[in-house]
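Reading through the structure tokens given below for one structure.
Per chain, numbering begins at 1; letters A, B, ... match sequence-line order. This is a predicted model, so every value here is computed, not measured.
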Protein chains: 2
Amino acid sequence: MRTDERAAAKLRATIFDVARHAGVSIKTVSRVVNNEPNVREATRDKVRASIDALHYRPNAAARGLSAKRSFVIGLIYENSEEFSYTKDLLSGVLGACETHNYSLLLRPLTLPSAEVSHSIHSFIRLTAAEGVVLPAPIGDMPEVMQVLSGLDVPVATISPKHPRSADISVYCDEADATFRLTEHVLALGHTHIGFIKGHPDHRASHERLAGFTQALQTNKIGLDASLTEDGFFTFESGRQAAFRLLRRERPPTAIIATNDEMACGVMHAAHELDLHIPHDVSIAGFDDTAVASRLWPPLTTVRQPITEMAEAATSRLIQRLIGDEPGAPEACSPGLFPCQLVIRRSTAARS
Amino acid sequence: MRTDERAAAKLRATIFDVARHAGVSIKTVSRVVNNEPNVREATRDKVRASIDALHYRPNAAARGLSAKRSFVIGLIYENSEEFSYTKDLLSGVLGACETHNYSLLLRPLTLPSAEVSHSIHSFIRLTAAEGVVLPAPIGDMPEVMQVLSGLDVPVATISPKHPRSADISVYCDEADATFRLTEHVLALGHTHIGFIKGHPDHRASHERLAGFTQALQTNKIGLDASLTEDGFFTFESGRQAAFRLLRRERPPTAIIATNDEMACGVMHAAHELDLHIPHDVSIAGFDDTAVASRLWPPLTTVRQPITEMAEAATSRLIQRLIGDEPGAPEACSPGLFPCQLVIRRSTAARS
DNA sequence: TTGTAGGCGTTATCAG
DNA sequence: CTGATAACGCCTACAA
């Protein structure tokens, strides 16, 4: 018997083996495997039993070849130093891929680079990815979007500057989060607050600044524009901005950096100036990266549900690929997610 | 013409299109694509030109189906909180996969878990991975190795406890690195040094302890066993161990934690006890994770060439899969890598 | 050095 | 509801 031969040779059972075992045709097995209609329930059970008995798993290559689909999702991300964002991202995207039986292929990008377009083009051609997930700031790069739309590949963006630019996009209410973060600082008695902006290419930068100014307005605190410094989401830019702020004649009693990396830089600057945190200056960050809880004092910050956002974006992307009715509940899942304020000891009442 | 139809329909060119364009048979095209011998140079050039002209890319599914290979490498890793290790790992493995035209599929594991065997089994069956890369501590889990050898999948381990347990393995001279780290601390005048061990399941723990005791011996410093505390590579275990050490009647003037996570814990403990670093106590870690340079003061630690190790392990694995002669230079690349001492400001001369 | 035939394990088409 | 048969694009074996 051929089936036995296979088993003896440790070969995987094929759809033919299952069909023979169940006494049906391969097409019926195929129907069962793919949850297609038009199979009597009894037949379906019989086939399922055979599948279990033979430990049958469909061959991905054959399936892809025949169906002209790759069942591959591509994740294109910036291969930056800070990795906890990517870690959470990966968890979410991978989770969604697994539940939908898709494979995930990675394409890290080292920015800035002149070869981005080419790199992405060959990535798509080679992997035949059916759709790609683009976390910030990749989803905001015009050349990337151009290549992708030229290749006719559906895209899901995470935290893009312009939600409308992609087929699917998810983001956070970062303005609201920064608003709440600022109110927390204000509630501690600080009125002279330094603010370090993020890289202008990120949606996040504008959102966060907006939330900050909004909070000042709401609380009737005049905005001192000179207390708002440029930053680029890097450690060193945060450190430099902090030096500028802390060496002022009348330095701020609290500094809000728009990400944890820069908040680290602020802490270093404060230490270098022999300032005590939070006694002399309160410090807050944004992102709740792994370092935030490791610093001393632990950093007050904001956590975004990155994993959930990534999972939602990917699920919606796959649903679109499969062609599910857009009326399905998941397809309508909101693109806007809430952030969570994480208060630690780096912020304290004004002394 | 069929070729034109394809172009019009935006379909990828196939091997037939290239063959027709170049005026040869598909087998010749196949030979050129796979760099097989027995093709006249002129013919080869002609085919290459056609490949370029038609933007031909072999269809991975068809190739895999026919050749009965998946061209997939699996990476099974622990999905822990600390991710910079995994980040470096990923870079290396991905790099090697790309240069050899393999795809990388990920399987994060949340430990401890009772379903590890099952998870890995279905991962391999589903992805048909030809080989897997196992970073520590996954490569030391007997049930994992058992499943994999039962499935007859070649394995490359990174920093395993027993290098011989896998087909291929790479590791670092962590004992030597810890020896040098300890000598650095000794050179600063410290003779009363606390040491926090790592999780006993990791090869690293034993190596690092060995390097430490060796350094003490070499420098004729008596080993005070009571200054060696248990730790498990976690932040909290480091913090607790530090409390035990620093509350002693005669506390150590320096503490070596066997990873950065625990060193963070030591720093927190020191701060909580109002001790100044490095004035009251010098602190060193191991791994040079992202946090190390962000802490204040920046942490003295040891950097392992994780990326290079991962790349080497993966390359060797793939070469084995391809069946290259083991005499090839890369195949003989050493399994032992050097570590680098990174001296920062958390260690200073004894006061 | 080059080409031909057959098959890899699915899914799609269309007939029963 | 079910099944025979033809793709899908490539590689291996064997011829020429």
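- Residues Tyr85(A) and Ser80(A) fail the side-chain proximity criterion, which asks for heavy atoms closer than 4.5 Å.
- Listed in residue order, the members of residues 35-51 of chain B having a heavy atom less than 4.0 Å from DNA chain D come to none.
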Quick one: side chains of residues 38-53 of chain B, donor-acceptor pairs under 3.5 Å with protein atoms, not counting sequence neighbours, listed by atom name and distance.
| from | atom 1 | to | atom 2 | distance (Å) |
| --- | --- | --- | --- | --- |
| Arg44(B) | NH1 | Glu36(B) | O | 3.4 |
| Arg44(B) | NH2 | Glu36(B) | O | 2.8 |
| Ser50(B) | OG | Lys46(B) | O | 3.3 |

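- Atom-to-atom, CZ of Arg69(B) to C1' of dG9(D) comes out at 17 Å; the value is rounded to the nearest Å.
- Applying the side chain to side chain contact (heavy atoms under 4.5 Å, CB included) rule to Ser159(A) yields the partners Ala136(A), Glu174(A), Gln304(A), Met309(A); only residues at least two apart in sequence or on another chain are considered.
- The interatomic distance linking Asp17(A) (CG) with dG9(C) (C1') rounds to 10 Å, in whole Å.
- In this entry the distance linking CD1 of Ile15(A) with C1' of dG3(D) reads 12 Å, nearest Å.
- With sequence neighbours excluded, the residues that form a side chain to side chain contact (heavy atoms under 4.5 Å, CB included) with Val144(B) are Val116(B), Ile120(B), Leu134(B), Ile138(B), Met141(B), Leu148(B).
- Remark: the backbone N or O of Ala96(B) is not paired with any side-chain donor or acceptor of Thr314(B) at under 3.5 angstrom.
- Separating the CZ atom of Arg57(B) from the C1' atom of dC10(D) is a distance of 16 Å, rounded to the nearest angstrom.
- Atom CZ of Phe16(B) is separated from atom P of dA5(C) by 11 Å (rounded to the nearest Å).
- Between the CZ atom of Arg20(B) and the C1' atom of dG3(C) there is a distance of 16 Å, rounded to whole Å.
- Scanning residues 22-32 of chain A for heavy-atom distances under 4.0 Å to DNA chain C yields Ile26(A), Lys27(A), Ser30(A).
- Counting only residues at least two apart or on different chains, the salt bridge (Lys or Arg N to Asp or Glu O under 4.0 Å) pairs with a member in residues 128-150 of chain B are Arg69(B)-Glu130(B).
- Under the side chain to side chain donor-acceptor pair (under 3.5 Å) criterion, Asp167(A) pairs with Arg320(A), sequence neighbours left out.
- Rounded to an integer number of Å, the gap from Asn34(A) CG to dT10(C) C1' is 9 Å.
- For residues 54-75 of chain B, the pairs satisfying ring-ring contact (aromatic ring centres under 6.0 Å, His included) are Phe71(B)-Tyr102(B), with sequence neighbours left out.
- The side chain to side chain contact (heavy atoms under 4.5 Å, CB included) test applied to Leu104(B) returns Ile73(B), Leu75(B), Leu90(B), Val93(B), Leu94(B), Cys97(B), Leu106(B), not counting sequence neighbours.
- One can place CG of Asn59(A) at 5 Å from P of dT10(C), the figure rounded to the nearest angstrom.
- Using five terminal pairs a side, the axes of the helix from dT1(C)-dA16(D) to dG16(C)-dC1(D) at its two ends make an angle of 30°, given in steps of 10 degrees.
- In this structure Ile26(B) satisfies the side chain to side chain contact (heavy atoms under 4.5 Å, CB included) test together with Ile15(B), Phe16(B), Ala19(B), sequence neighbours excluded.
- Pairs passing the salt bridge (Lys or Arg N to Asp or Glu O under 4.0 Å) check and including a residue from residues 85-100 of chain B, sequence neighbours excluded, read Arg107(A)-Glu98(B).
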